[in-house]
Amino acid sequence: SGVQGVFAVPSLRLTFVAMVPVEVAFGLFTTNVNAELLTVFDLPASQYGFAQATLAAGAVAATVVGPALLRRTPTAGTMLVWAVGCFGVAMALLAPAAALRDALGLAVVLQWCLLGGFFATLYEVPVANTLLSDLPEDLRGRGVGLLHTIGVSFTLVGIALGGLLGTTIGVGASIIVAGLALTAIAVAVLVPYARSAAARLPTPADT
């Protein structure tokens with residue numbers, strides 16, 4: 001009954017559908033980003049520390065800027081779709097970052113880490129807003145529990161996939177491929193789904 005109640009709300013249904021691919025990508029990203037920094041970029045201890053701090057700074061910036069962006073976005077679902085797509089783009093930008101690393105040094109690595117940390121966190125802002133605003137009071141416990149179940153489960157899938165792809169096609173390639181796939185899913189699946197969900201919302205004439 002909890003699942004049926006949660007998925008009966010269009011905005012919540014969009015949120016839970018979007019969480020599946022983004023949590024898979026997040027699991028892969030968090031698994032392979034350290035390997036990318038240490039084994040591919042071959043950063044020494046001090047530079048690796050700066051890169052990790054930059055990832056964290058990006059995440060903090062997302063939590064600070066996210067609410068302001070949400071207020072300027074028509075719906076939380078719209079921001080969620082954009083955030084998911086931008087996370088995919090940020091992951092895929094590892095390709096030019098790796099190509100420019102020899103010419104630009106640590107700076108380009110830190111810029112990529114900043115983007116990755118920012119967009120790996122930004123999508124959580126519209127998710128949290130949707131849960132707080134649209135979950136019926138009698139379903140809040142079950143809704144939050146369902147969200148955590150989906151988040152943890154598919155993050156674990158991404159972690160396992162990250163290890164598999166990292167050993168088969170390479171650490172950097174796995175992040176780039178996952179980013180391109182997430183961007184394609186956001187454009188081809190989530191954008192039409194969000195429009196469909198919005199079209200099913202009641203209009204003032206209906207209420």
Side-chain angles (χ1 to χ4, degrees), residues 1-30 55-91 116-161 178 181-183 185-207:
S1 63
V3 172
Q4 290 175 343
V6 168
F7 279 83
V9 182
S11 60
L12 294 174
R13 191 161 58 245
L14 170 64
T15 298
F16 281 87
V17 169
M19 288 296 289
V20 173
V22 76
E23 290 296 344
V24 172
F26 179 77
L28 185 147
F29 177 76
T30 55
L55 282 167
V60 172
T63 61
V64 173
V65 175
L69 292 176
L70 184 60
R71 288 193 296 270
R72 290 167 173 76
T73 308
T75 65
T78 301
M79 179 176 171
L80 175 60
V81 172
W82 277 104
V84 171
C86 288
F87 181 32
V89 172
M91 293 173 67
F118 184 86
F119 288 112
T121 305
L122 184 64
Y123 71 88
E124 296 178 4
V125 174
V127 168
N129 180 82
T130 301
L131 288 180
L132 290 173
S133 62
D134 295 354
L135 258 179
E137 186 174 353
D138 60 322
L139 294 176
R140 284 179 182 170
R142 283 170 285 181
V144 172
L146 179 61
L147 177 70
H148 282 291
T149 299
I150 291 176
V152 171
S153 299
F154 285 96
T155 298
L156 289 175
V157 172
I159 291 172
L161 188 61
L182 185 61
T183 304
I185 290 172
V187 173
V189 178
L190 297 183
V191 169
Y193 197 96
R195 290 175 177 171
S196 176
R200 289 194 292 270
L201 292 175
T203 63
D206 298 327
T207 57

>> So which atom in Gly143 and which in Phe16 form the shortest heavy-atom distance, rounded to 0.1 Å?
In response: O-CZ, 3.7 Å
> Arg71: what forms a side chain to side chain contact (heavy atoms under 4.5 Å, CB included) with it, not counting sequence neighbours?
Replying inline: Pro67, Ala68
> For Thr73, what residues pass the side chain to side chain contact (heavy atoms under 4.5 Å, CB included) criterion, not counting sequence neighbours?
Replying inline: Thr78, Met79
> What is the minimum heavy-atom distance between Pro21 and Ala18, and which atoms define it?
Replying inline: CD-O, 3.2 Å
> Can you list every pair that meets ring pair (Phe, Tyr, Trp, His ring centres under 6.0 Å) and has a residue in residues 65-88, with sequence neighbours left out?
Replying inline: Phe29-Phe87
> Rounded to the nearest 0.5 Å, how far does CE of Met19 lie from CG of Leu14?
Replying inline: 11.5 Å
>> How long is the straight-line distance from CG of Leu55 back to OG1 of Thr121, given to the nearest 0.5 Å?
In response: 9.0 Å
> If every non-hydrogen atom of Leu182 is compared with every non-hydrogen atom of Gly88, which pair is closest and at what distance?
Replying inline: CD2-N, 3.8 Å
> side chain to side chain contact (heavy atoms under 4.5 Å, CB included) with Val144: which residues, sequence neighbours excluded?
Replying inline: Leu135, His148
> Once you round to the nearest 0.5 Å, how far does CG of Leu146 lie from CG of Leu12?
Replying inline: 9.5 Å
> Got a donor-acceptor contact below 3.5 angstrom from the Thr15 side chain to the Val127 backbone?
Replying inline: no
> Could you go step by step and tell me if Thr130 and Leu80 meet the side-chain contact (heavy atoms from CB on, under 4.5 Å) rule?
Replying inline: CA-CA 10 Å; Thr130 301; Leu80 175 60; over 6 Å; no
> Taking side chain as C-beta onward, heavy atoms only, is Leu69 less than 4.5 Å from Leu122?
Replying inline: yes
> Can you name the residues that form a ring pair (Phe, Tyr, Trp, His ring centres under 6.0 Å) with Phe154, not counting sequence neighbours?
Replying inline: none
> Can you name the side chain to side chain contact (heavy atoms under 4.5 Å, CB included) partners of Ala188, sequence neighbours left out?
Replying inline: none
>> Please give me the minimum heavy-atom distance between Asn129 and Ala76, naming the atom from each residue.
In response: ND2-CB, 3.7 Å
>> Taking Val60's backbone N and O only, do any of them form a donor-acceptor pair with Thr63's side chain (distance below 3.5 Å, no angle check)?
In response: yes
> Which pairs, with at least one residue in residues 19-30 and sequence neighbours excluded, count as a side-chain hydrogen bond (donor to acceptor under 3.5 Å, both in side chains)?
Replying inline: Glu23-Tyr123, Glu23-Thr155
> Taking all non-hydrogen atoms of both residues, which atom of Ala186 and which atom of Val81 are closest, and how far apart?
Replying inline: O-CG1, 4.0 Å
>> If I compare all heavy atoms of Leu161 with all of Val24, which pair ends up nearest, and what's the gap?
In response: CD2-CG1, 4.2 Å
